[in-house]
Amino acid sequence: MDAWDELLRRATPSAVLTLDGVIRSLNAAMASALGRPEEQCIGRGFADLLSEDQRISATSLVAHGATTKRLAMRVLEFPGAGAASVLCLVEARPVTDPASGERLVWLHSLDARHDLGALLIPFDLAAKAANLGLFMCSPDEHQIEWLGGEPALAALFPQASMSLSMVIRRVHPDDRKDVQRLVRSSAAQSPWIRSRFHTEHDGWRMLASQARHITLGYGGSERVFGVIRDESKMEARRKDLLAAVSAERQRADEIAAFSSALFTAATEQELQQVVLTRLAAAFGGFGALFALVDDGRLRVSSDAGIPTWQTDALLGQSLDEDRPLPCAIRTGQPQFVANQEELARCRLSDTSGAQTPPGPDVAVSITPLSPPGDQPLGAWAVTYDSQRPPSLEKLAFMTTLADLAGQALKRIRLQQAHVELSTAVQQSMLPTLPEHLPGLEVAARYQPSRDGLDIGGDWYDAFFLPDGAVALEIGDAQGHDVDAAVFMGQVRSSMRAIAAHEPEPGTVLTRTNELLTTMDAPRFASCTMLHVNPRDGQVIGTSAGHVPLLHARDDGTHCIRTLPGGPVLGVLPDIDYAEETFTLEEGTALVMVTDGVVEGPGLTLEAGLERAGTLAGQALHDQLDAEAMADLILDAVAAVDHLDDVAVLVIRRA
C-alpha cells in the first residue's frame, strides 16, 4: 500500500491493531460495528469490545494476522449500533507503519454479499455441537428458512423453507401467540419459549425456541435468527417423574390416612370400620377380613370382597386349630398363601359340602395384630390376584400397620388410644437405616415430645442412591398433630421418589418444593439433605431453612457448617436450592439435628449448637462410635427444656 491512511479509507469496517490486539486507529464503520464512539475504541483491546463468546475467535484471528505472511479470515459477530448484531467476514494481515517501521495488523471486513451463507457457517457448527436446530426468517417476507444444525430437528420440518403461517398452524393453539411474539420481537434477543409442535410422523413434540436479530454483513439486511431445542424426551422424563412422584404420594397419602385413622379410632367398632374400608385399597387387594380373639375364639368381619360363606366358616374357630388364620394369631407370625392349590392344602377355611373355595388366582396374606410372645389379639387378611402379589415392602409395611392396629385395640380397651398411638404412628413412619454402609457409620435417634400428648413432624431418612452414594436427610414438618405426621410422610416419600431419578440434593429440594407449592400444601417443612460418597467422603449438601450442620473431628474440635440452600419447603414457588461440596475426612463425623435438640426456652440456638458440637467432638476424641455419639447428644436434650419432638442423625466416616 502506498499511503498509511489508505488502510482505513474504506466504507466497510477497518482498523489497525498492535500485534497484541490493541486498536491503534479505526474508521467510522468499525466504530459503528463495535457500537461505540471512535475515541472509546482507540487504546482498547479489540477482542475486549466483542461479546464474550467472540473473544477467543477474535484473539486467534489477530494472532494469525500478526505471525503469518498469509492473510487469515474469520466470521466475527460485532455488537452493532442498534438491537441487531452484525456478522462480518473479517480479514487480518500484517502491515508496517510507514513512518516508524512498526509491525501492525490490519483488520477489515470483506464483501460477502455474494455468499451470505458463508457468514452462517459458525452458527451452523455451533448449533450442531449443542444439538440445536437453526432457522432464519425475515419479518417482512413472513417466510421461515431452515438453516441446519441438528439433523434430527431438521426432520421435523417437511420443507427447507416454509411460510410463517404454515409453521404457526402446526403449533398448538395455546402456544401460537408466544411463537408469533418470538418471531416479531424487536428485542436483540428473546427469552426461551416452549411450544408444542405437531409433526407429520411423530405427533406432538415439545420444542424450546429462542430468537435474536442479526445483520448479514455491514450495511446488509437484518434477519431474525432462531435456535430450536427438542425437549420432548425431557418433557416425557418430567412427566414420568411426576407420575412416579404422584403414585408414590398417592400411596403415601392412603397409608398415612390409614395410619391416622387407626389411632383416631376410639372404639372397636371404629377400628373395624377403618380396617375393612381402607386395608384392601391401601395394599392393592380386592378383599379384607378382620378377626379378633374373644375368649379363645375368633370373631370375624369382612368387606364385600370376601365371600360370605368364607366369613361364616371362620366364625367361632378356636384359637388352637391348626389352620393359617388361628396359627398366625397364636404364633404372631405372618403367613402368605400364594395360590389356590396351597389355599386348599392348608385349609384356610372349611370348604366341605356345597361351599366353593376361591377361584384359582387368589392369594391371601394374613397378618397378626400382635408380635410373637405377646397376647394374641387377632389378625387381618387381604386377598389378591395371585398373578400380582404384593411386594415384600408392602408386606413388611402391612406388618407395621397391623402392629399399630393391635396397639390401637389394646389402647381402646384401656381407654388410652389417642395418647399412646400418637407415638406409635410417628415411630412407624421413621425408616430403618441401611446396614453395611462401606466406610460409614450411621446412627439415628428420635424422641417424641416430652409430655407425650402430641405427635410431631420431625423425621430422618437414609438410603442408597442409584449412583452408589448415600442420601441422608433430616427435617421438621410444621405442627404437632396427626396432619403434621401425615405431611411429614408425604415430604419424605416424595424426596425418596425424586432422588431415585435426580439424586443431586439441590435438585431434590427444588423438585419437592415445586410439588408442595403446586399442591398448595397447608404446611411447610424445613430440611437438610446430604449426598455422601462412601468411597472418598465427598459430601454435597443443601438446606431448606433448617438448623445448621455440625462437623466434629477426632481431635475434639468441631465447627458449625451453615449450608447454602433456600427457604423452607412448600411456601415460595420457583426456588432453586444451592449446594455446597466438601469432604468428610476419615475419623470425622457430621451431626444433623432438629431444633428441639439445640434450642429451647433456656437455651439459644447458637449456644445449643455449640454444646452439641462439643459433645460430638469429645465423643470422637474418646473413640466412641456413631451409636454412642447419638445417645450422648440425645441424653443432653433434657437440659434444653424443649417440649418439641427431637431427631438426631450421625454420620461418621471410619
Note to self: Looking at Ile560, I want to see if its CD1 is surrounded by more than 12 non-hydrogen atoms of other residues, nucleotides or ligands under 6.0 Å.
What the structure shows: yes
Note to self: If we count only N and O atoms by modelled type, under 3.5 Å, do the side chains of Ser209 and Trp192 hold a donor and an acceptor together?
What the structure shows: no
Checklist line | Ser190 (side chain) donor-acceptor with Ala211 (main chain) under 3.5 angstrom | finding: yes
Item checked: Atom CD of Glu52: over 12 foreign heavy atoms under 6.0 Å -> no
Note to self: For a quick test of reading the model, state the closest non-hydrogen atom pair linking Leu216 to Met136 and the distance between them.
What the structure shows: CD1-SD, 4.4 Å
Note to self: side chain to side chain contact (heavy atoms under 4.5 Å, CB included) for Leu26 and Val16? Distances and angles first, verdict last.
What the structure shows: CA-CA 6 Å; Leu26 74 167; Val16 177; over 6 Å; no
Notebook entry, point to check: What is the minimum heavy-atom distance between Leu76 and Ser57, and which atoms define it?
Noted result: CD2-CB, 3.9 Å
Item checked: Leu8 versus Ser25, closest heavy-atom pair with distance -> CD1-OG, 3.4 Å
Checklist line | Minimum side-chain heavy-atom gap Arg196-Val171 below 4.5 Å | finding: no
Check: What distance do Phe225 atom CZ and Ser85 atom OG have between them, rounded to the nearest 0.5 Å?
Finding: 9.0 Å
Note to self: Checking Trp459 against Ile474 for the side chain to side chain contact (heavy atoms under 4.5 Å, CB included) test, could you report, in this order, the C-alpha distance in whole Å, the side-chain angles of both residues, the deciding distance, and whether it holds?
What the structure shows: CA-CA 6 Å; Trp459 86 89; Ile474 195 166; over 6 Å; no
Next item on the list: Mark yes or no: Arg170 above the aromatic ring of Trp204, with NZ or CZ under 6.0 Å from the six-membered ring centre and no more than 45 degrees from the axis.
Entry: no
Notebook entry, point to check: Any side-chain heavy atom of Cys527 sitting closer than 4.5 Å to one from Leu569?
Noted result: yes
Next item on the list: Using modelled atom types only, decide if a donor and an acceptor are shared between the side chain of Thr59 and the backbone of Arg55 within a distance under 3.5 Å.
Entry: yes
Margin query: Among residues at least two apart in sequence or on other chains, which ones pass side chain to side chain donor-acceptor pair (under 3.5 Å) with His551?
Written below: none
Notebook entry, point to check: Is it true that a side-chain atom of Glu579 and a backbone atom of Gly506 form a donor plus acceptor pair closer than 3.5 Å?
Noted result: yes
Item checked: Side chain to side chain, Leu509 and Ile575, heavy atoms closer than 4.5 Å -> no
Next item on the list: Determine yes or no for a side-chain-to-main-chain donor-acceptor pair under 3.5 angstrom, with Arg511 supplying the side chain and Ile498 the backbone.
Entry: no
Note to self: Evaluate Asp536 against Thr583 for side chain to side chain contact (heavy atoms under 4.5 Å, CB included), listing each step before the verdict.
What the structure shows: CA-CA 8 Å; Asp536 58 10; Thr583 300; over 6 Å; no
Check: Between the side chain of Arg103 and the main-chain N/O of Ala66, is any donor-acceptor distance below 3.5 Å?
Finding: yes
Checklist line | Residue pair His546 / Asp595, side-chain donor-acceptor N/O under 3.5 Å | finding: no
Checklist line | Arg169 backbone acceptor or donor facing Arg176 side chain under 3.5 Å | finding: yes
Checklist line | Distance, nearest 0.5 Å, that separates CG of Leu649 from CD of Glu473 | finding: 9.5 Å
Margin query: With a 4.5 Å cut-off on side-chain heavy atoms, are Ile214 and Val86 touching?
Written below: no
Notebook entry, point to check: Taking C-beta and beyond as the side chain, do Phe487 and Leu516 meet within less than 4.5 Å on heavy atoms?
Noted result: yes
Notebook entry, point to check: Which heavy atom in Ser494 sits nearest to a heavy atom in Leu515, and how many Å separate them?
Noted result: OG-CD2, 3.5 Å
Check: Out of curiosity, Arg229 CZ to Met206 CE, how far, rounded to the nearest 0.5 Å?
Finding: 12.0 Å
Notebook entry, point to check: Checking Tyr218 side chain against Ala11 main chain: does a donor-acceptor pair fall under 3.5 Å?
Noted result: no
Checklist line | Leu19 side chain reached by Leu104 side chain, heavy atoms, under 4.5 Å | finding: no
Next item on the list: For side chain to side chain contact (heavy atoms under 4.5 Å, CB included), just list the numbers for Leu530 and Leu590, CA-CA rounded to whole Å, side-chain angles, deciding distance to a tenth of an Å, and then say yes or no.
Entry: CA-CA 10 Å; Leu530 304 180; Leu590 299 175; 3.7 Å; yes
Checklist line | Residues Glu580 and Arg561 bridged, charged N to O under 4.0 Å | finding: yes
Checklist line | For Pro13 against Ala29, the heavy-atom pair lying closest together | finding: N-CB, 3.5 Å
Notebook entry, point to check: Has the side chain of Thr518 got a donor or acceptor atom that lies under 3.5 Å from a matching backbone atom of Glu514?
Noted result: yes
Checklist line | Interatomic spacing from CD in Gln54 to CZ in Arg74 - rounded to 0.5 Å | finding: 10.0 Å
Note to self: Working to the nearest 0.5 angstrom, can you tell me the gap between Cys88 SG and Glu77 CD?
What the structure shows: 10.0 Å
Check: Can you name the nearest heavy-atom pair linking Pro534 to Gly468, along with the distance?
Finding: CD-O, 3.8 Å
Item checked: Between OG1 on residue Thr507 and CE on residue Met529, distance to nearest 0.5 Å -> 9.5 Å
Next item on the list: For side chain to side chain donor-acceptor pair (under 3.5 Å), just list the numbers for Thr594 and Asp458, CA-CA rounded to whole Å, side-chain angles, deciding distance to a tenth of an Å, and then say yes or no.
Entry: CA-CA 7 Å; Thr594 53; Asp458 286 12; 2.8 Å; yes
Next item on the list: Evaluate the side-chain proximity of Pro567 to Tyr577: yes if any heavy-atom separation is below 4.5 Å, no if none is.
Entry: yes
Note to self: Is there a side-chain contact between Asp461 and Leu472 in this structure, where contact means two heavy atoms from C-beta onward sitting under 4.5 Å apart?
What the structure shows: no
Notebook entry, point to check: Would you find a donor on one side and an acceptor on the other, under 3.5 Å apart, between the side chain of Ser493 and the backbone of Gln490?
Noted result: yes
Note to self: Between Asn27 and Thr12 (side chain of the first, backbone of the second, donor and acceptor by atom type, cut-off under 3.5 Å), is there such a pair?
What the structure shows: yes
Check: With no hydrogens and no angle check, do the side chains of Glu504 and His531 hold a donor and an acceptor under 3.5 Å apart?
Finding: no
Note to self: Does Asp174 have more than 12 heavy atoms from other residues, nucleotides or ligands lying within 6.0 Å of its CG?
What the structure shows: yes
Item checked: Residues Glu102 and Arg24 bridged, charged N to O under 4.0 Å -> yes
Note to self: Please enumerate all residues that pass ring pair (Phe, Tyr, Trp, His ring centres under 6.0 Å) together with Phe197, with sequence neighbours excluded.
What the structure shows: Phe157
Item checked: Thr510-Asn513 side chain donor-acceptor pair, cut-off 3.5 Å -> no
